[in-house]
Amino acid sequence: MNIRDLLNQRFTKAMQAAGLPSECQPHVTPSKASGKKSQFGEYQANGAMAAAKIAKAKPVDIAQRIVNQLNIDDLASQVDIAGPGFINITLKPEWLAREIVTVNQNKNLSIQPPLSPQTVVVDYSSPNLAKEMHVGHLRSTIIGDAIVRTLEFQGHKVIRQNHVGDWGTQFGMLIAELEEQLQDGESATLALKDLERFYQRAKKHFDDSENFANKARDYVVKLQSNDEKTLSLWKQFKQVSLAHSQEIYTTLNVSLTEQDVYGESAYNDDLGILVDELCAQKLAIEDQGAQVVFLEEMPDKDGSPSPVIIRKQDGGFLYATTDLAAIRYRANSLNADRILYFIDARQSLHMQQVFTIARKATFVNNQVSLEHHAFGTMMGNDGKPFKTRSGGTVKLADLLEEAIERAEKIVAEKNTELSDSERKEIAQKVGVGAIKYADLSKTRTNDYIFNWESMLSFEGNTAPYLQYAYTRIQSIFRKAGVTGNELNTPITLTEDAEIALAVKTLQFSEVIEQVTKEAYPHLLCHYIYDLAGLFMRFYEQCPILKEGIDETTKNSRLQLLYAIANTLGKGLDLLGIDTMDRM
């Protein structure tokens, strides 16, 4: 149990013993001044104010009643009432030291598994297989992956779903183009080496040649009719395109694999059945030849119900139909307790419509949580969506390549003793980590400015700064001739910097809970940045290997460092950012 939960538990008992109504909550939070020397202690209980309104008494009097019944002598050295009724808690250094030892002995850093583990389905990345992945796919991919990793670390069963765009009318055009190139003796792999150029060539061919356009339309019909030859061409296209995406995932250190792909085509057989069910329930009605669901729950500005087309006049299906089939599959076949979608904010209305229809049609029950976790846009320095200098879409592969090249120059300047292979390996971790952290450290609902200089800086809230902090700790271990885990002498916390660092380290599980609940990876970023900053202060104020430091103090501080290194390393790992022992 983490510190906050433990204190909440003790305060709840004290409030009940003080005769306060059961709806009164302690509201224990870390002190805003936590991490620095402060008269406010490390934690603060703010529930007395709300309880005073219910009990119709002075907050200070309620706070005193709570403190009189409070039993936390084993973990707190001081409890004070401040201001209008805040209760400040100063933790015992001896208790903190014992908890740090427990963290060092636990592979999961004392993260307690949930009492009721959930099955969580996470929909993220979802590129269109007709085109190469570009910067527009970055946020969904890395935000989704960070949440997936954190949920798994916490102990939940996570099912990744890469809902790729692998179906639709455009594939008739692409298959027709692929067939023509194969007839010219080209292999599928070479023909599709540059997906963007292949798509542009197919589109030009479609626009310029009526014969080719008719052929493409025929292929759409054949594809939907499961024509064997057409399906074979489609599978070749899909295989090569997925390989492009997998290369990006590998470079990005993203945990998606081909086994996680469950694209639009997977739901084809269910679409007609689904529409028939909606019609049978009288949720969908015919309107101008199309089947439409009108949502009174989501009226437009004139008060008219929001229309959602689920089958077009020509019999074709839309994204809404496929997304409804996906929800039904995830809820009923995958038995999801939570279904999380990491899709940009422009799709908010669409997701809200789909969720509403799924609930009304009872495709999911009320116990299943449907969550759209929207995100903003990556912007250039001009405040507009990030583009190439010529105004084109930036390929994700090109962006990552440039990041690694820039990082290699910086790493070479900072450490001239590295071999070529070491420099390249470090550059890959620094460059990719910099791009990911610059994104993940921003509140996901906000737009942000992409800036090479700030994200690759070794100062401030950046991945290189955090990676360097980790390597610095490893350097201390090397100089001390230890790894940290073999030390089992008592830990003694006497200095303010030691205590602040111990408290911050022990707050890791609190942050993990908040991240998985709210799907905000920036909370984890801010936590490990604060942890690294407190380590730097500790390193300056509390000598470890300096001459004159006694063995007991040295070993105590090395054990504290071991807990910090593991926590910092795990935090970066959950964000999908690699660490290294030297830079």
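In this chain, residues are counted from 1 in sequence order. It should be emphasised that the depicted structure is a prediction, and the values quoted were computed from it without experimental measurement. The figures that follow rest on heavy atoms only: side chains count, while hydrogens, waters and symmetry mates do not.
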For the pair [X] and [Y], find out whether any cationic side-chain nitrogen is under 4.0 Å from an anionic carboxylate oxygen.
X    : Y    : value
K409 : E413 : no
D420 : K424 : no
R346 : D344 : yes
K215 : D218 : no
E518 : R444 : no
E277 : R328 : yes

*Test E177 against Q181 for side chain to side chain donor-acceptor pair (under 3.5 Å), laying out the working first.*
CA-CA 6 Å; E177 181 67 29; Q181 293 199 31; 3.1 Å; yes
[atom2] on [Y] to [atom1] on [X], rounded to 0.5 Å:
X    : Y    : atom1 : atom2 : answer
T393 : K387 : OG1   : NZ    : 4.5 Å
N108 : N566 : CG    : CG    : 11.5 Å
D323 : M351 : CG    : CE    : 5.5 Å
M133 : S126 : CE    : OG    : 9.0 Å
L278 : F363 : CG    : CZ    : 4.0 Å
F198 : F237 : CZ    : CZ    : 6.0 Å

Any donor-acceptor N/O pair, [X] side chain to [Y] backbone, under 3.5 Å:
X    : Y    : result
D447 : G376 : no
R330 : N335 : no
K429 : E425 : no
T462 : F458 : no
H350 : A320 : no
S509 : I111 : no
H137 : H134 : yes
S225 : V221 : yes
E371 : A519 : no
T321 : L271 : no

If we ignore angles and hydrogens, is there a donor and acceptor under 3.5 Å between the side chains of [X] and [Y]?
X    : Y    : value
T443 : T445 : no
S125 : Y249 : yes
D260 : T257 : yes
Q161 : H163 : no
D337 : H156 : no

Can you classify the ring geometry of [X] versus [Y] as parallel (below 30°), tilted (30 to 60°) or perpendicular (above 60°)?
X    : Y    : answer
W452 : F450 : perpendicular
F212 : F206 : perpendicular
F153 : F508 : tilted

_Apply side-chain contact (heavy atoms from CB on, under 4.5 Å) to residues H373 and I147 and explain how you reach the verdict._
CA-CA 11 Å; H373 296 291; I147 300 303; over 6 Å; no
*Looking only at heavy atoms, which two atoms of I449 and G383 are closest? And how far apart?*
CD1-CA, 4.3 Å
_Stepwise side-chain contact (heavy atoms from CB on, under 4.5 Å) test for L396 and E132_ = CA-CA 8 Å; L396 201 42; E132 285 189 48; over 6 Å; no
*Given Y341 and V122, is the side-chain contact (heavy atoms from CB on, under 4.5 Å) satisfied, shown in steps?*
CA-CA 6 Å; Y341 292 80; V122 184; over 6 Å; no
_Qualifying residues under side-chain hydrogen bond (donor to acceptor under 3.5 Å, both in side chains), relative to Q118, sequence neighbours excluded_ = none
Atom [atom1] of [X] with >12 non-hydrogen neighbours under 6.0 angstrom:
X    : atom1 : result
R201 : CZ    : no
Y319 : OH    : no
Y468 : OH    : no
D269 : CG    : no
I309 : CD1   : no

*asked:* Apply side chain to side chain donor-acceptor pair (under 3.5 Å) to residues Y437 and N461 and explain how you reach the verdict.
replied: CA-CA 9 Å; Y437 189 85; N461 191 9; 2.4 Å; yes
Using a 4.5 Å cut-off on heavy atoms from C-beta on, say whether the side chain of [Y] contacts that of [X].
X    : Y    : value
F355 : V364 : no
V254 : K436 : yes
S140 : F375 : yes

*asked:* I'd like to know whether E152 forms a side-chain contact (heavy atoms from CB on, under 4.5 Å) with R160, so could you lay out the CA-CA distance, the side-chain angles of the two residues, the decisive distance to 0.1 Å, and finally the verdict.
replied: CA-CA 11 Å; E152 284 185 328; R160 298 159 173 80; 3.0 Å; yes
*When the aromatic ring centroids of Y267 and Y262 are compared, is their separation below 6.0 Å?*
yes
*Would you mind listing every side chain to side chain donor-acceptor pair (under 3.5 Å) that reaches into residues 228-239, with sequence neighbours excluded?*
D166-K238, E179-K229, D227-T230
_Using the rule given for side chain to side chain donor-acceptor pair (under 3.5 Å), can you reason through T356 versus E297, listing the C-alpha separation, both sets of side-chain angles and the distance that settles it, and then say yes or no?_
CA-CA 8 Å; T356 303; E297 298 88 344; over 6 Å; no
